[in-house]
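For reference, the structure discussed in these notes is given below.
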Amino acid sequence: HEIMENAIDAIVVMGQDGRISYLNGAAERMFGYERYEMLGRPVATLMPEQYRQAHERGVQRYIKTGQPGIMGRVTLVDGLRRGGETFPLELSISASRAGDQFAFTGILRDVTERRRTEESLAERELQMRQAQKLDAVGTLAGGIAHDFNNLMTAILGFSAFLLQNLKPDDPNRADVL
């Protein structure tokens with residue numbers, strides 16, 4: 001019991017009736033409820049509305065068929081804090097049985113900071129790709145300008161050479177200027 005109480009991750013245990021029979025201190029802090037407020041309440045209180053029916057179906061399917069659904073693996077879901085704020089969670093569920101009664105233990109980890117870090121990295125990566133594209137366009141434009149400058153130098157040189165060989169009254173002189 002002391003190990004569960006001191007765990008970093010939230011631990012929530014519910015019976016097959018869907019009601020919370022245990023939650024540790026990390027779960028209290030994560031969801032914003034005192035333990036006494038949550039014991040005996042539906043675990044669905046801790047999840048946004050859109051997950052509640054799928055949760056109920058999954059529990060009933062497991063009880064009837066033993067099909068694990070999301071049990072035995074880590075799943076990303078959203079949790080619901082006391083104040084109505086949703087937040088991302090990694091959830092791992094295991095089931096145990098005593099006679100004909102099941103208990104389900106959920107281990108939950110708040111991944112809000114990880115998600116922020118991932119989004120920040122993705123944004124920086126996008127900015128870096130944009131900067132690389134701009135750099136490539138700048139290099140291309142510089143190369144084109146350099147080539148154009150080389151062509152203009154040749155044209156101006158040949159024009160100066162032609163002007164030296166044309167007399168001031170030559171009618172072709174205006175075309176060279």
Side-chain angles (χ1 to χ4, degrees), residues 1-140:
H1 182 56
E2 190 174 324
I3 292 172
M4 289 174 55
E5 196 53 45
N6 293 316
I8 294 171
D9 293 331
I11 300 173
V12 178
V13 179
M14 70 166 213
Q16 68 185 44
D17 63 357
R19 298 193 177 279
I20 297 171
S21 60
Y22 172 80
L23 68 152
N24 69 353
E28 287 181 284
R29 290 184 296 278
M30 183 181 289
F31 291 100
Y33 291 99
E34 296 292 327
R35 191 172 313 210
Y36 72 89
E37 296 176 281
M38 292 309 298
L39 293 176
R41 289 189 64 190
V43 76
T45 305
L46 305 177
M47 61 185 73
E49 185 70 39
Q50 70 262 28
Y51 292 112
R52 293 177 183 176
Q53 285 184 355
H55 163 74
E56 181 61 32
R57 284 192 308 265
V59 169
Q60 293 308 314
R61 181 178 55 245
Y62 181 80
I63 291 169
K64 289 176 185 171
T65 68
Q67 289 180 329
I70 67 169
M71 280 186 261
R73 60 187 169 95
V74 176
T75 306
L76 284 172
V77 296
D78 286 335
L80 182 65
R81 296 192 208 279
R82 180 182 196 143
E85 173 195 1
T86 60
F87 63 103
L89 291 170
E90 284 182 347
L91 168 65
S92 175
I93 302 174
S94 62
S96 56
R97 186 175 187 168
D100 64 344
Q101 291 296 307
F102 287 92
F104 300 91
T105 302
I107 298 175
L108 305 111
R109 177 173 291 165
D110 184 341
V111 292
T112 303
E113 285 306 313
R114 184 186 320 161
R115 184 162 296 167
R116 280 188 195 132
T117 300
E118 289 169 354
E119 288 170 357
S120 177
L121 286 172
E123 183 156 333
R124 286 187 185 133
E125 187 177 317
L126 178 64
Q127 289 172 346
M128 191 162 92
R129 278 199 303 269
Q130 296 269 353
Q132 287 172 336
K133 286 178 189 177
L134 285 174
D135 188 46
V137 168
T139 300
L140 177 64

Other residues, nucleotides, ligands: >12 heavy atoms within 6.0 Å of Gln50 CD: yes
When rounded to the nearest 0.5 angstrom, what distance separates [atom1] in [X] from [atom2] in [Y]?
X	Y	atom1	atom2	value
Asp110	Phe87	CG	CZ	5.5 Å
Ile63	Asp100	CD1	CG	10.5 Å
Glu37	Arg41	CD	CZ	7.5 Å
Leu108	Ile93	CG	CD1	8.0 Å
Glu123	Met128	CD	CE	14.0 Å
Asp135	Gln132	CG	CD	8.0 Å

Test item: Arg97 side-chain N/O and Gly99 main-chain N/O as donor-acceptor pair under 3.5 Å: yes
Test item: [X] and [Y] side chains (from C-beta on) under 4.5 Å apart, heavy atoms:
X	Y	result
Leu39	Ser21	no
Leu80	Leu46	no
Leu76	Glu90	yes
Thr45	Tyr33	yes

Stepwise salt bridge (Lys or Arg N to Asp or Glu O under 4.0 Å) test for Arg52 and Glu56: CA-CA 6 Å; Arg52 293 177 183 176; Glu56 181 61 32; over 6 Å; no
Shortest non-hydrogen contact between [X] and [Y], atoms and distance:
X	Y	value
Phe31	Gly79	CE2-CA, 4.3 Å
Arg35	Glu28	N-OE2, 2.7 Å
Leu23	Met38	CD2-CB, 3.7 Å

Could you list the donor-acceptor pairs under 3.5 angstrom formed between side-chain atoms of residues 9-20 and any protein atom two or more places apart in sequence or on another chain?
| from | atom 1 | to | atom 2 | distance (Å) |
| --- | --- | --- | --- | --- |
| Asp9 | OD1 | Arg109 | NE | 2.9 |
| Asp9 | OD1 | Arg109 | NH2 | 3.4 |
| Asp9 | OD2 | Arg109 | NH2 | 2.8 |
| Gln16 | OE1 | Phe102 | N | 2.9 |
| Asp17 | OD1 | Arg19 | N | 2.9 |
| Arg19 | NH1 | Gly40 | O | 3.1 |

